[in-house]
*Asks:* 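Got a structure for you, written out below as structure tokens; questions coming shortly.
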Amino acid sequence: MNEGYDASQPRKLLLATDLSARCDRPLERAKALAAQWNAQLTLLTVREGPQVPAEVVQWLAGSEAGTEAEFAARRDIAREFENAGFPVSLQFADGDVADAILAAAAQTDSELVIVGDARINTLGEILLGSTVEQVARDLAQPLLVVRQRARAPYARILVPTDFSPAARLALETAARLFPDAQLIVFHVHEAGLEGLADGSRSANTSAIRLRCEQFIDSCTLAPGIRARIAIDSAAGAPELLTARYALEHGIDLAVLGLHSQSGMLRLFMDSKGEQVLRGLDCDTLL
């Protein structure tokens with residue numbers, strides 16, 4: 001066992017990338033996490049078919065051109081990760097992006113899947129329509145969507161909570177993967193408190209904080225983590241306040257718990273959820 005090995009942190013990572021400059025940010029973050037955790041990194045690129053004239057020419061040229069392209073890609077990856085200090089491999093797949101990601105994650109026993117924001121790469125528009133629903137629902141591993149450059153390790157992590165089991169899983173996952181970061185449990189409650197007397201408003205705030213503390217106490221956390229968890233709350237619409245809070249408080253990563261029947265899945269997969277995901281400028285772990 002390597003010195004500094006932590007069994008609670010991922011040992012195998014999967015990065016979905018089209019190997020273009022549009023995926024530089026998720027590539028940077030994947031490299032940083034693999035180095036931080038001394039993990040094995042697999043790069044997956046999915047060939048969906050020719051998209052631009054140059055790709056059509058290559059497709060018409062047949063397997064020989066494809067082999068040359070793969071050779072060039074492997075050469076570039078070898079240069080990119082020279083002396084990285086952790087094992088790296090490159091895989092190619094054909095067909096539907098979501099299916100390929102799910103299959104590769106299972107085949108490689110990856111513990112974290114990393115993708116880029118659909119606004120800056122073309123990997124099947126990960127955050128839009130049915131693709132994110134299929135990946136998020138069917139993927140056994142957490143899905144990290146990278147938007148920002150990897151200038152430093154994640155230091156401030158936002159965990160929105162509705163006190164559900166999915167939210168509990170989100171907090172436990174954030175604490176397990178990033179035990180040195182500051183965690184902020186953020187609860188958005190219904191608006192309409194303006195008409196209350198000051199005492200009632202204060203009592204409501206205290207009640208919300210107590211419920212947040214009880215929620216944290218119900219989570220399975222390593223010793224010392226609780227002292228690094230802050231609590232905050234706001235009244236209004238979650239799809240608006242989550243993105244605003246992340247921006248105003250310098251959040252590096254937002255961790256969102258999902259489940260298939262109610263609560264968070266409806267919140268983050270319907271039109272409001274799309275606004276949350278589009279509005280967040282920080283990286284997002286689903």
*Asks:* Mind listing the closest non-hydrogen atom pair of A34 and L41 along with its distance?
*Replies:*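 Distance-wise, the nearest heavy atoms are CB-CB, 4.3 Å.
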*Asks:* Supply the atom-to-atom distance T205 OG1 to H189 NE2, rounded to the nearest 0.5 angstrom.
*Replies:*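 Here the interatomic distance stands at 6.0 Å.
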*Asks:* Once you round to the nearest 0.5 Å, how far does CZ of R244 lie from NE2 of H249?
*Replies:*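 Reported to 0.5 Å precision, the distance equals 11.5 Å.
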*Asks:* Is there side-chain contact between L253 and C282, with heavy atoms separated by less than 4.5 Å?
*Replies:*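 The answer is no; the side chains never approach within 4.5 Å.
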*Asks:* In the single-linkage hydrophobic clustering (I, L, V, M, F, W, Y; side-chain heavy atoms under 4.5 Å), do I101 and V145 co-cluster?
*Replies:*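 I101 clusters together with V145.
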*Asks:* Hey, quick one: are L241 and V255 part of the same hydrophobic cluster, counting side-chain heavy atoms closer than 4.5 Å, chains of contacts allowed?
*Replies:*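 Shared cluster, no.
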*Asks:* Atom CG in L102, atom CD in Q107: separation rounded to 0.5 Å?
*Replies:*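 If I round to the nearest 0.5 Å, the distance is 12.5 Å.
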*Asks:* Taking all atoms of both residues into account, what is the closest heavy-atom pair of F86 and A39, and its distance?
*Replies:*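 What the structure gives for the nearest pair is CB-O, 3.4 Å.
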*Asks:* Check whether any side-chain N or O of E111 sits under 3.5 Å from a backbone N or O of R11 as a donor-acceptor pair, and report yes or no.
*Replies:*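 Side chain of E111 to backbone of R11: a pair is present.
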*Asks:* Can you confirm whether T42 sits close enough to K12 that some side-chain heavy atom of one is under 4.5 Å from a side-chain heavy atom of the other?
*Replies:*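 No, their side chains stay 4.5 Å or more apart.
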*Asks:* Report yes or no: do V159 and I231 belong to one cluster of Ile/Leu/Val/Met/Phe/Trp/Tyr joined by side chain heavy-atom distances under 4.5 Å?
*Replies:*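 Same hydrophobic cluster.
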*Asks:* Counting C-beta onward and ignoring hydrogens, is there a side-chain heavy-atom pair between L15 and P26 closer than 4.5 Å?
*Replies:*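 They are in contact (side-chain heavy atoms under 4.5 Å apart), so the answer is yes.
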*Asks:* So if I apply the side-chain contact (heavy atoms from CB on, under 4.5 Å) rule between L43 and each of L27, L14, I114, L13, which one comes out positive?
*Replies:*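 So the option named by the test is L27.
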*Asks:* Any idea which heavy atoms bring A150 and E28 closest together, and the distance?
*Replies:*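 Minimum heavy-atom separation between A150 and E28: N-OE1, 3.6 Å.
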*Asks:* Quick one: ring pair (Phe, Tyr, Trp, His ring centres under 6.0 Å) pairs with a partner in residues 215-236, sequence neighbours left out?
*Replies:*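 Checked against ring pair (Phe, Tyr, Trp, His ring centres under 6.0 Å) - neighbours excluded - the pairs reaching residues 215-236 are F163-F215.
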*Asks:* Between V88 and L90, is there a side-chain heavy-atom distance shorter than 4.5 Å?
*Replies:*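 Side-chain contact under 4.5 Å: no.
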*Asks:* Hydrophobic cluster membership, with links at side-chain heavy-atom distances under 4.5 Å among I/L/V/M/F/W/Y: are L44 and V113 in one?
*Replies:*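 Yes, same cluster.
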*Asks:* Got R211 and H187 here, is their nearest side-chain heavy-atom distance under 4.5 Å?
*Replies:*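 In short, these two side chains do not touch, never coming nearer than 4.5 Å.
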*Asks:* Quick check for you: to the nearest 0.5 Å, what is the distance between I77 atom CD1 and T45 atom OG1?
*Replies:*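 Atom-to-atom, I77:CD1 and T45:OG1 are 9.0 Å apart.
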*Asks:* Whether the R147 and T284 side chains hold a donor-acceptor pair (N or O, under 3.5 Å, no angle test) is what I'd like checked.
*Replies:*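 A pair is found: one side chain offers a donor N or O, the other an acceptor, under 3.5 Å apart.
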*Asks:* Do T242 and L158 touch side chain to side chain, with heavy atoms closer than 4.5 Å?
*Replies:*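 Yes, side chains in contact.
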*Asks:* Which atoms form the tightest heavy-atom contact between A100 and A93, and what is the distance?
*Replies:*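 Minimum heavy-atom contact is CB-CB, 4.1 Å.
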*Asks:* With rounding to the nearest 0.5 angstrom, report the CD to CG distance, Q141 to L286.
*Replies:*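 The distance works out to 13.0 Å.
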*Asks:* Under a 4.5 Å cut-off applied to non-hydrogen side-chain atoms, are D76 and L19 in contact?
*Replies:*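 SC-SC contact between D76 and L19 ruled out.
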*Asks:* Locate the shortest heavy-atom distance separating G85 from N38; write the atom from each residue and the value.
*Replies:*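 Distance-wise, the nearest heavy atoms are O-OD1, 3.7 Å.
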*Asks:* Should the ring pair F178 and W37 be called parallel, tilted or perpendicular, given that the plane angle runs from 0 to 90° and is split at 30 and 60?
*Replies:*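 Because their plane-to-plane angle lies in the 30° to 60° range, the rings of F178 and W37 count as tilted.
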*Asks:* Do V188 and L256 land in one hydrophobic cluster if side-chain heavy atoms of ILVMFWY residues count as linked below 4.5 Å?
*Replies:*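 Unlinked, V188 and L256 end up in two clusters.
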*Asks:* Can you tell me how far CG of D180 sits from CG of L183, rounded to the nearest 0.5 angstrom?
*Replies:*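 That separation rounds to 10.0 Å.
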*Asks:* Does anything in residues 149-160 form a side chain to side chain donor-acceptor pair (under 3.5 Å)? List the pairs, not counting sequence neighbours.
*Replies:*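 Residue pairs passing side chain to side chain donor-acceptor pair (under 3.5 Å), neighbours aside: R29-Y154, Y154-D283, R156-Q182.
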*Asks:* L171 pairs by side-chain contact (heavy atoms from CB on, under 4.5 Å) with which of I157, I225, I216?
*Replies:*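 Per the side-chain contact (heavy atoms from CB on, under 4.5 Å) rule, the option paired with L171 is I216, out of I157, I225, I216.
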*Asks:* If we only count heavy atoms from C-beta on, is the I229 to L221 side-chain gap below 4.5 Å?
*Replies:*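 Contact flag for I229/L221 side chains = yes.
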*Asks:* Do you know which two heavy atoms are closest between A167 and P160, and how far apart they sit?
*Replies:*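 In terms of heavy atoms, the two residues are closest at CB-O, 4.3 Å.
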